[in-house]
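Computed from heavy atoms alone, side chains included, the values below leave out hydrogens, waters and symmetry copies. Not measured: the values here are computed from a predicted model.
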Amino acid sequence: MSRTITHRTRRRVAVGLLTVVAVVIPGSAAQAGPCWRPPVVGTVTDPFRAPACPYCAGNRGLDYRVGANSQVRAVAAGMVTWSGTIAGTRYVVVRHGDGRRTTYGKLISSALVNGDTVVSGSSIGTASGEFYFGLRVGEEYRDPAPHLGKLVGRPRLVPVDGSTPRQPPPPALRCGVDV
């Protein structure tokens with residue numbers, strides 16, 4: 001009888017653990033969202049500021065200061081749903097597989113047209129001086145900053161006896177609070 005109770009207890013514990021894993025992990029992963037490489041090398045000069053209403057002032061993305069003729073790269077694979085100019089400023093909008101849309105703005109050039117597909121890291125165009133990056137989920141503007149990672153070098157041991165050190169491992173992309 002004690003063997004049956006032990007078997008039942010193990011089974012209940014296993015089912016309980018699987019339930020906790022099934023509930024906790026997918027929810028955390030869904031909230032975390034993607035981790036993207038930044039679209040440009042530059043400094044954020046104006047962070048996301050959600051507007052109080054659809055037509056109110058705010059910043060619906062990130063504004064960067066970039067160097068002359070800076071390459072702008074796709075943060076993820078997707079399809080160009082809009083490419084053109086508004087009031088003399090060039091924009092490209094890419095819809096990703098999860099439905100999110102990223103906007104690349106203040107471009108000085110882009111060869112992309114509606115319907116083009118892009119892969120992560122491919123060229124969107126070039127920017128000089130200023131660049132804008134935005135994120136929309138449905139019709140809601142979201143702060144893209146939490147989704148942009150930072151390449152972080154990984155720790156390694158370096159010989160102190162004068163021998164030649166091995167090549168360092170490639171940097172890892174990190175997103176979130178530990179960036």
Practice problem: Flag the pair Asp143 and Arg49 as a salt bridge only when some basic side-chain nitrogen lies within less than 4.0 angstrom of an acidic carboxylate oxygen. | Solution: no

Quiz item: If we only count heavy atoms from C-beta on, is the Phe133 to Phe48 side-chain gap below 4.5 Å?
Solution: no

Exercise. State, with a plain yes or no, whether a side-chain heavy atom of Cys175 is found less than 4.5 Å away from one of His147.
Key: no

Quiz item: Do the side chains of Tyr104 and Ile108 join up, straight or via other hydrophobic residues, at under 4.5 Å, putting them in one cluster?
Solution: no

Quiz item: Which pair of non-hydrogen atoms, one from His96 and one from Thr102, has the smallest distance, and what is that distance?
Solution: NE2-OG1, 2.7 Å

Self-check item: Between CG on residue Asp46 and CD on residue Glu130, distance to nearest 0.5 Å
Solution: 10.0 Å

Self-check item: Heavy-atom pair with the smallest gap, counting every atom of Cys35 and Gly149
Solution: SG-CA, 4.1 Å

Exercise. Report yes or no: does Asn114 contribute a side-chain atom to a donor-acceptor pair with the main-chain N or O of Ser83 at less than 3.5 Å?
Key: yes

Practice problem: State whether the side chain of Thr45 and the backbone N or O of Asp63 hold a donor-acceptor pair below 3.5 Å, judged by distance alone. | Solution: yes

Quiz item: Would you say the side-chain atoms of Ser128 pair up with the backbone N or O of Asn69, donor to acceptor, closer than 3.5 Å?
Solution: yes

Quiz item: Taking atom CG of Leu62 and atom OG1 of Thr43, what is their separation to the nearest 0.5 Å?
Solution: 12.0 Å

Quiz item: Which distance, rounded to the nearest 0.5 Å, do you find between the NZ of Lys150 and the CZ of Arg174?
Solution: 10.5 Å

Practice problem: Please check if the side chain of Ser110 supplies one atom and the backbone of Ile124 the other of a donor-acceptor pair under 3.5 Å. | Solution: yes

Quiz item: Any side-chain heavy atom of Ser123 sitting closer than 4.5 Å to one from Arg73?
Solution: yes

Quiz item: Parallel, tilted or perpendicular: which describes the rings of Phe131 and Tyr64, with under 30° parallel and over 60° perpendicular?
Solution: tilted

Quiz item: In the hydrophobic cluster built from side-chain contacts under 4.5 Å, what are the other members alongside Ile86?
Solution: Trp82, Tyr91, Val93, Tyr132

Quiz item: From Met79 CE over to Leu112 CG, what is the distance, rounded to the nearest 0.5 angstrom?
Solution: 12.0 Å

Self-check item: Results of side chain to side chain donor-acceptor pair (under 3.5 Å) for Arg142 - residues two or more places apart only
Solution: Glu140

Quiz prompt | Contact check, side chains of Arg95 and Arg136, non-hydrogen atoms, under 4.5 Å | solution = no

Exercise. Please check if the side chain of Arg100 supplies one atom and the backbone of Leu135 the other of a donor-acceptor pair under 3.5 Å.
Key: no

Quiz item: Shortest non-hydrogen contact from Pro165 to Val158?
Solution: CB-CG1, 4.5 Å

Quiz item: Would Gln71 and Thr126 count as having a side-chain donor-acceptor pair, cut-off 3.5 Å?
Solution: no

